[in-house]
Amino acid sequence: MSDDLTIRDLRLEKLAKLRELGFDPFAVERFDTPTSIADLHKRFDDLAPAPGDDGHPSPEDIATKTISLAGRLVSLREMGKAAFANVSDGDDKIQAYFRKNDLDELQPGAWAAFKLLDIGDHVGITGYLFRTKTGEQSIYVRSLTPLSKSLHTLPLGKEKDGEQWYGLSDVDQRYRHRNLDLVAKKDARSMLLNRSRIVSAVRRFFDDRGYFEVETPMLQLEAGGAAARPFKTHYNAYDMDVKLRISLELYLKRIICGDVPKVYEIGRVFRNEGVSNRHNPEFTLLEWYEAYANLEDMMSCVEDLFKDVAQKVFGTTELHGLDFGKPWHRVDMLTAIHERSGIAPEELRDLESAKAAMKRVGLPTEKENNLGGVIEKLLEHFVEPHLQEPTFVIGYPIETSPLAKKDPNRPGFTRRFEGYVLGREVCNAFSEINDPIDQRERFEQQLGERAKGDDEAHPMDEDFLFALENGMPPTGGCGIGIDRLVMLLTGAEHLREILLFPMMRPDKPQGDDDEDED
RNA sequence: GAGUCGUUAGCUCAGUCGGUAGAGCAACGCCCUUUUAAGGCGUGGGUCCAGGGUUCGAGUCCCUGACGACUCACCA
């Protein structure tokens, strides 16, 4: 930021003066912080020396009850020859009391150094705990160690009665300078920490159940396993174009083919699509596969997962008016569509009559060119908004499910379900195709769609087919978008709230060596 | 990709009818040895997003562009 050059220059001068005084903050490598600030507050009475008659503890007591802490200066109240500051370690903060006489006596130069500090600087402090006359738990500083100098004004705002005057309201700036957001905004911090806890709980869930966590290639010749446009890039060593993965599916199933019966992966996938409050071009996908397991096993696994994660992270299974401790509702897809739209299953047997029904209920039909697409559109429009409580919708059309086993009892449909909560999809699962001939036919069918102009249709993958041809056990698989799971559990309204660094355009135009296409 | 709205001091925002820009906080100086959105007195700080146009004169009106927010469309 070239605009606050003056502030930056002033702070650089202060830094130089600190160095002259022998308090170079950037020369320090470590500072012992045996107890967190939260812990200091909790154990205040144990750690604080007893005040004597003059209100100050005895030298002996001080000697045995000196503590240290480090953190960022987040507020400063100077009063001539004494000052109060709040020091934050990110989680919690404590008030520090600086007094000229004491500092000058105990640590020559320290008071002058203190006067050169600004809000935003990191400091290490040693001293003893005491209460001010207003009763606030504080530390009486006996030694000061500057640990960093901030060259800019932090948008810390101020605080009163627990309420925050936050200086960064421009959401754009919050995401572009997430470090400032994390420093200054408690909600941002806790939302992002909760994400970390959720991911950790998910991992423990699968680890405890005997799944192996694996990592599969992100650079792939053909990006398969989902319907999406991939990012393309180039691998110089082999002079070969490669794509970034759009899903984890096909490599995880290769591992099942290798007789590792329970695997999962939590990893980033990339889809070359737009940004919205629920979309980011890179996002984190969880997929797990279990050999010899069927759809019912997958459903109870999803139920257990949500229940377990909610309990571990939030201490309750009841969130946002929902109870993840209870089994999820289960509905058949066509039945649900019939109930909500009046369109009977018989009308959805061929594209012609399905489109007629769609038209009858007032939906546009121009873009529809396969029966499965129509059926999913009807589900989305009529049923999804009503699926507030956790619900599994079972039985997806074959055209939109090129990797799911056919339902032997229902031609045109597959053994696949999706889970919905609060009207939004939260998981997608099916009995995986393990018949290599069936899988090849499905890929060929997809190639047909691709020829018709659907550039998100699944590509052929001979290598995957070869793995299937060597034998894959019957397998259940399921995928969950971690970001959306976190949104659901934390109640975040926007994906960017729970993504540390969401995709953004550069705030200044880049060099023009690239013309925009399209 | 389409529509609507926005962009003014480090931060949050005012700026009327077109007449060369204001507040609070932050910063800087002085005072203040238990304050806590500390207080008191004083000072400095602006490419009004960018580029064009209308006008004697544009933060203000018009056009184009950049970036953002919201809504819609596609997807998880």
Side-chain angles (χ1 to χ4, degrees), chain A residues 1-11 13-14 55 74-86 93 95-104 111 118-120 130-136 138 140 150-177 180 184 226-229 246-247 269 271-287 364 367 376-377 380 418-420 424-428 456 479-485 487-488 493-496 504-510 518:
Chain A
M1 308 212 161
S2 53
D3 292 340
D4 63 350
L5 259 186
T6 52
I7 289 179
R8 190 164 180 276
D9 289 344
L10 281 163
R11 297 212 173 176
E13 278 173 30
K14 289 183 179 179
V74 292
S75 68
L76 206 47
R77 296 174 292 283
E78 290 181 87
M79 292 163 303
K81 297 185 178 59
F84 287 94
N86 286 348
K93 58 190 175 192
Q95 177 170 268
Y97 180 49
F98 297 83
R99 205 162 170 273
K100 182 174 189 297
N101 294 3
D102 297 296
L103 277 179
D104 279 346
W111 177 255
D118 291 293
I119 289 172
F130 78 111
R131 276 178 209 276
T132 62
K133 70 181 179 192
T134 54
E136 175 153 350
S138 308
Y140 201 112
S150 170
L151 301 182
H152 298 278
T153 310
L154 267 68
L156 278 170
K158 302 213 169 177
E159 197 175 320
K160 187 187 186 181
D161 303 331
E163 236 179 303
Q164 234 181 344
W165 274 254
Y166 179 46
L168 250 201
S169 73
D170 184 341
V171 284
D172 173 30
Q173 292 307 310
R174 285 187 49 213
Y175 303 135
R176 288 190 195 281
H177 305 293
L180 300 180
R229 282 195 299 271
I246 58 173
S247 141
V269 299
R271 299 189 182 177
N272 212 332
E273 285 157 2
V275 169
S276 81
N277 63 343
R278 292 195 298 283
H279 297 85
N280 197 63
E282 53 178 305
F283 64 99
T284 303
L285 195 55
L286 156 71
E287 287 189 20
K367 282 192 274 181
E376 286 206 16
K377 197 62 66 70
E380 187 184 311
E418 289 197 357
Y420 288 86
R424 291 175 185 171
E425 181 192 334
V426 296
C427 71
N428 178 19
E456 295 189 354
I480 291 183
I482 288 288
D483 312 275
R484 297 216 176 147
L485 173 69
M487 282 178 78
L488 171 64
E493 286 297 316
H494 206 296
L495 191 61
R496 281 177 306 204
M504 306 208 96
R505 283 198 165 84
D507 57 352
K508 296 210 175 72
Q510 300 285 288
D518 292 352

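Convention: sequence-line order gives letters A, B, ...; per-chain numbering from 1.
Each of A:L495 and A:G55 lies near RNA chain B, and the nucleotide nearest A:G55 is the one positioned closer to the 5' end.
The nucleotide whose nearest atom lies closest to any side-chain atom of A:H494 is, among B:U35, B:U33, B:C70, B:C70. Of the candidates B:G68, B:U34, B:U35, B:U35 carries the atom nearest the A:Q95 side chain, counting heavy atoms from C-beta on. When distances run from any side-chain atom of A:M504 to the nucleotides B:A69, B:A26, B:U33, the shortest one goes to B:A69. If you check B:U34, B:A73, B:A38 against the side chain of A:R77, the one that comes closest is B:A38. For A:T132, the listed nucleotide lying nearest its side chain is B:U35; candidates were B:U35, B:C32, B:G68.
No engagement by A:G481 is indicated, since no non-hydrogen atom pair under 4.0 Å with the nucleic acid exists. If you check every strand for non-hydrogen atoms under 4.0 Å, A:F130 touches a base. Residue contacts shown for A:K133 include a base, since a base heavy atom lies under 4.0 Å away. Within 4.0 Å (heavy atoms only), A:E136 reaches at least one base atom of the nucleic acid. At a threshold of 4.0 angstrom between heavy atoms, the contacts of A:N280 include nucleobase atoms, whether or not backbone atoms are also involved. Residue A:R131 is classed as having no contact, given no heavy-atom separation below 4.0 Å to the nucleic acid.
Shown here, B:C67 forms a base pair with B:G6; the pair counts as Watson-Crick or G-U wobble because both key distances fall under 3.5 Å. Taking a pair to require two hydrogen-bonding distances under 3.5 Å in either a Watson-Crick or a G-U wobble arrangement, B:G19 pairs with B:C56. Nucleotide B:U35 forms a pair with no other nucleotide shown, judged by Watson-Crick or G-U wobble geometry with both contacts under 3.5 Å. When Watson-Crick and G-U wobble pairs are counted only if both distances are under 3.5 Å, B:A27 pairs with B:U43.
Going from atom OH of A:Y140 over to atom P of B:U35 covers 14 Å, rounded to whole Å. The nearest whole Å value for the distance from the CE atom in A:M79 to the P atom in B:U33 is 9 Å.
The aromatic rings of A:Y97 and A:Y140 lie perpendicular to each other, with more than 60° between the two planes, well past the 30° mark.
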